[in-house]
Amino acid sequence: MTNTTVQELLARSNRLGADKRNTNYAGGNTSAKCTATDPVTGEDVELLWVKGSGGDLGTLGEEGLAVLRLDRLRALQNVYPGVEREDEMVAAFDYTLHGKGGAAPSIDTAMHGLVDAAHVDHLHPDSGIAVATAADGEALTKEIFGGKVVWVPWRRPGFQLGLDIAAIKAANPDAVGTILGGHGITAWGATSDEAEANSRWIIETAEQYIAQHGRPEPFGAKLPGFGALPEAERRAKAAALAPVIRGLASTDKAQVSHFTDAPAVLEFLESAEHPRLAALGTSCPDHFLRTKVKPLVLDLPASASLEESVARLKELHAAYREDYAGYYRRHADADSPAMRGADPAIVLVPGVGMFSYGTNKQTARVAGEFYLNAINVMRGAEAISRYEPIEEAEKFRIEYWALEEAKLARLPRPKSHATRVALVTGAASGIGKAIATRLAAEGACVVIADLNLENAQQVAADLGGPDTAVGIQADVTREEQVQAAVDAAVLAFGGLDLVVNNAGLSISKPLLETTEKDWDLQHDVMAKGSFLVSKAAAKVMIAQEMGGDIIYISSKNSVFAGPNNIAYSATKADQAHQVRLLAAELGEYGVRVNGINPDGVVRGSGIFAGGWGAKRAAVYGVEEEKLGEYYAQRTLLKREVLPETVANAAAVLTSAELSHTTGLHVPVDAGVAAAFLR
């Protein structure tokens, strides 16, 4: 059973990490020291439990802790080769692990082990970083905290920083923590509660000082024309700009986006000082590793037209890439890793909001959260002094640190549909749900569109929630709802790469019983609905300039003539020809259009559950519950077709392996000779 010290450490970590004012996602670390029994010798041994590399304080569990022998960790001081070779010390931590050691030790492990205190917190609070990045941060630290908090000049995280803070703790017995120049705070205590109280005291004292002594308009006067657009207009413009910006931000590598129009972002962008401050970039290492050294900022007022904004964004993007390449050239040496990409991670649009980018939705969202932290930091620093982040050369040393490169190299290989944004219609049940589930499992972000909003939202929640999937209501027969669905996808994930036209229904009647209403309903949902969805999606894909996939779930009946099925089969033939027509038209944009022809998908099918199954069973003279078996026996393979079988085809058709295939119809019917394509 976990000992009391570790339980207290985890509880403290979760409390601190739950409040973004204390630290950002996966930022900072906490530790505790106590004695345990060595299972080999039976003797007491002093151990350090510390948050491991890459973990998040808010969700930290025991598996996220590194466990090290304190005597061996402190003995590393005897072999420390100096600051020029301190990166070697990270590998040395492996020789200090206790047992299996738990999680991989982070670069900050030395800080926790060398400081002579039972409990240590290292955090990145907005208020603390505001003091840490103020031009006169050292003087402000003395003024705000007296001798209880000591200033530490900027030093890159590592073994030497741990030695520095340990020395400060020893030389200042009344101190409860430090302000780390350009970086954050460190606090300590004899008990877990005392360490947490000291951390919170530093954070809250800095907050109170800024509130009481700060200038009322730290970002300067409001710029005419740069204020926030009305909400509906703002989000419409964001949806229109998002595909273009995503395409630009994906020049080197495909990215997923997160959009926010949080008040703090809009306020920053309407203020006179935002161009100067944005150009200075972020300071805390956790910030700029996620956001890059600085954002791309559209330098046009909110009233600028969409065409003007797009044209200017393309100019600014080209300039940003050249500037970033210059930054790399200025600081890279023979040992530096290759440049990872010159596209921005943060794009700011006055009056509209912030677009942030990453290799998945969570990474993109967290990047935006970090830049929001940076805005708060700049506000605080400008309120009480002048914002002065660490030097560009130091940022480069962190961004292209060999240890950071090694960390990136350990990331798992991306899944087949990673970075792809998919919209699946009729996705709350049956084939659509199976396709959405498969695409999400392959790494895609998925929009679940369905007439039934509650069911769509439940499917999205089951797939992992908003970092993976969102559920929306959409009637594909109504153009405004189709456009709203596409806009929702764009605002949720940045764009659209993959569309599955799956929404459908079926009315099984002979010709003389088929009404005009039956005919119109079938064609409105499937033929017209597919047309509307494809049209709205193609507009986004063309604007992105990233290619894309459009899949039609047609049917064996699109080529097979059966009885009592005139409206359904004719509509499916319409969809089948849309595939060929759009493949011919959209190929120049890199958009592939393919179809899938299922047959006999009974189990889990919304269409069959809605009465179609009973009617088809009556046509064939079998019991409804045996309809799937009947369909299987009439096939060449004698196998029943399931929703997951169709989902497999959708995943393969939209994968890189079939990158040169368009205009194809894939039968997924277990072999119906009468439906063979000719």
Side-chain angles (χ1 to χ4, degrees), residues 416-417 420 422-427 430-439 441-442 444 446 497-504 506 526-527 529-531 533-534 537 547-562 568-569 571-587 590-605 607 628 631-632 634-678:
S416 64
H417 287 61
R420 305 205 76 194
L423 169 67
V424 184
T425 64
I431 291 173
K433 180 181 177 181
I435 291 173
T437 301
R438 176 62 188 274
L439 293 177
E442 297 294 345
V446 186
D497 306 297
L498 195 165
V499 167
V500 181
N501 280 310
N502 170 74
S506 185
M526 293 187 290
S530 296
F531 154 71
V533 171
S534 295
D549 282 282
I550 299 176
I551 296 291
Y552 280 69
I553 305 302
S554 183
S555 170
K556 171 264 294 180
N557 286 11
S558 66
V559 294
F560 171 80
Y568 177 81
S569 295
T571 305
K572 285 300 181 182
D574 185 315
Q575 284 187 305
H577 200 47
Q578 283 188 39
V579 168
R580 292 182 279 269
L581 292 167
L582 295 187
E585 183 172 339
L586 298 178
V591 177
R592 303 180 296 171
V593 187
N594 293 293
I596 298 173
N597 290 349
D599 182 47
V601 183
V602 177
R603 280 194 272 172
S605 168
I607 287 179
Y631 281 141
R634 72 182 188 182
T635 69
L636 300 175
L637 297 176
K638 309 295 189 225
R639 299 177 67 182
E640 186 174 354
V641 181
L642 303 175
E644 291 73 20
T645 318
V646 184
N648 293 340
V652 172
L653 271 175
T654 56
S655 69
E657 280 76 5
L658 291 183
S659 62
H660 290 57
T661 298
T662 192
L664 174 70
H665 279 280
V666 177
V668 182
D669 56 12
V672 178
F676 282 177
L677 298 173
R678 294 172 177 84

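Small disclaimer: the values here were computed from a predicted structure and weren't measured.
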_Single hit among V601, V500, N597, V668 for side chain to side chain contact (heavy atoms under 4.5 Å, CB included) with I553_ = V500
I'd like to check the side chain to side chain donor-acceptor pair (under 3.5 Å) partners of [X]; sequence neighbours left out, ordered by chain and number.
| X | answer |
| --- | --- |
| N501 | S534 |
| T425 | none |
| E640 | R603 |
| S659 | none |

Indicate yes or no: at least one non-hydrogen side-chain atom of [X] is less than 4.5 angstrom from one of [Y].
| X | Y | answer |
| --- | --- | --- |
| E657 | V652 | no |
| D669 | Y631 | no |
| V666 | N594 | no |

*Any salt bridge (Lys or Arg N to Asp or Glu O under 4.0 Å) pairs touching residues 590-601, not counting sequence neighbours?*
D549-R592, K556-D599, D599-R634
*Crowded around K433 NZ? As in, over 12 foreign heavy atoms under 6.0 Å?*
no
*Gap separating the CG atom of L581 from the CG atom of L586, nearest 0.5 angstrom*: 10.5 Å
*asked:* Within this structure, what is the CE-NZ distance for the pair M526 and K572, rounded to the nearest 0.5 Å?
replied: 5.0 Å
*Residue pair I596, I431: steps toward the side-chain contact (heavy atoms from CB on, under 4.5 Å) verdict*: CA-CA 11 Å; I596 298 173; I431 291 173; over 6 Å; no
*Go through the structure and list residues passing side-chain contact (heavy atoms from CB on, under 4.5 Å) with A576, not counting sequence neighbours.*
S554, S558, R580, H665
_Evaluation steps, side-chain hydrogen bond (donor to acceptor under 3.5 Å, both in side chains), between D574 and Q578_ = CA-CA 6 Å; D574 185 315; Q578 283 188 39; 3.0 Å; yes
